[in-house]
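Quick notes on the structure that follows.
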Amino acid sequence: MALPQGVNFRATAGYVTDGANEDYEISQSNYPRTSAQGNSVGWEGSISGDFLDRNNAVDRRLAGVHYIFAGSADAGRAYRIDLPSTGSYNVRLATGDEAVGGSTAQVTVKDGTTTLLTINDTTAAPGFDDAVGARYSTANWPGSNSASTQTFATTILRFHLAPGPTTGHTVNGLAHVYVEAAGGGGGGTTTAGILLVPGNMRGNLGNLSGGYMQ
Amino acid sequence: MAAQAFDNLQLLLQLLQATRNLARDMVQNANTHKAMATAQSPDVVTLGRFVTDSAASYNRILSAAKAWVQANNAQATAAVGLIGATVSDLNTYTSPIQTAIAALAAADLSTYAAIISACNNVLATVPSPNSVFASMQSF
């Protein structure tokens, strides 16, 4: 496994050009998929969302979005990245939507099944929240977003995307996720151990021989 | 009975992920790595690590599927039987994938030219699945 691993969500593979440490995601319910960086990644859970290309004139990481419908009866779905080992990692994300103000920014980052971070922003305007719950415009997110350093007791990183509230919103969107070993660089700022509380309180917180036959 | 049928369908879909979709991902990544090597970015050591780690990931996925089938042969037979296939058909389908993974894991990745050669071997060995949505490259 080779970290860093970034994943950009969109509808069309060639819509933008990804960075060397990034892959794109345009599929559904596809864990385990091997990324171009050699990591096991993919969506777990039911098919309830979709992908969109938004704007290829903006930063490649924000050009598209995977969304889940607000108020969906589905419990949501998780994007999984398998880590090489337990330990400390810097996590980044962009949740929201470049073009639609009706998107919430609600993502839970988990260590296996244990919640580490909750981003819960229901601001009804275009823009993205980062991994510490700070909201930025599409133009400002690339240079200003912060990573959150988290300690993982398992080797499973999940970004859980839940259906948001229906009032004033239509979707809950995720544009970009990223993970690297703590101390691995990656630009921007890093905030250790922040835990955001739910609510509209943004920022508060093998063996290959042989075949299948026996 | 109905519950078992749905369970078998889910198992079939998971086997699909470890076979047909694995082949799709291998072809897609080989094309990506080849393009990176042609563009000479990232540096050859980093790109070589991408390829090595990809081979290890393919191995994990295929090995997990194989281990499950070997431990649950009756249910695997019922699952692939939903599409009129047999476990032997699984062996036939995965044989070139298995060969390509082993070759990729052992390949010389010390130069961009060597990486392109390793990618070409994957593209020549692994079946490229057809898709209704090929233009979207999503299935």
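Below, read A as the first sequence line, B as the second, and so on, with proteins coming before strands; counting in each chain starts at 1. These values consider heavy atoms only, across backbone and side chains, with no hydrogens, waters or symmetry-generated copies.
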Item to check | Toward chain A, the part of Asp53(B) with a non-hydrogen atom under 4.5 Å | outcome: both
Checklist outcome for this item: Taking every heavy atom of Arg33(A) against every heavy atom of Gln17(B), the minimum-distance pair comes out as N-NE2, 4.3 Å
Next on the checklist: Minimum heavy-atom separation for Ala36(A) and His33(B), please, with both atom names.
Outcome noted: O-NE2, 2.6 Å
Next on the checklist: Can you tell me how far apart OG (Ser27(A)) and CG (Asn21(B)) are? Round to the nearest 0.5 Å.
Outcome noted: 8.0 Å
Checklist entry - Is it true that the side chains of Ser54(B) and Thr34(A) contain a donor and an acceptor less than 3.5 Å apart? => result no
Item to check | Interface moiety of Asn39(A) toward chain B, non-hydrogen atoms closer than 4.5 Å | outcome: backbone
Checklist entry - Nearest heavy-atom pair of Ala20(A) and Pro42(B): which atoms, and what distance? => result CB-CB, 4.2 Å
Run the side-chain donor-acceptor check on residues 44-52 of chain B: report pairs under 3.5 Å with partners two or more places apart or on a different chain.
residue	atom	partner	partner atom	Å
Thr46(B)	OG1	Asp43(B)	OD1	3.1
Thr46(B)	OG1	Asp43(B)	OD2	2.8
Thr52(B)	OG1	Gly48(B)	O	2.9

Next on the checklist: Quick check on Thr32(B) against chain A: is it the side chain, the backbone, both or neither that has a heavy atom closer than 4.5 Å?
Outcome noted: side chain
Next on the checklist: Rounded to the nearest 0.5 Å, what separates atom OH in Tyr31(A) from atom CD in Gln14(B)?
Outcome noted: 11.5 Å
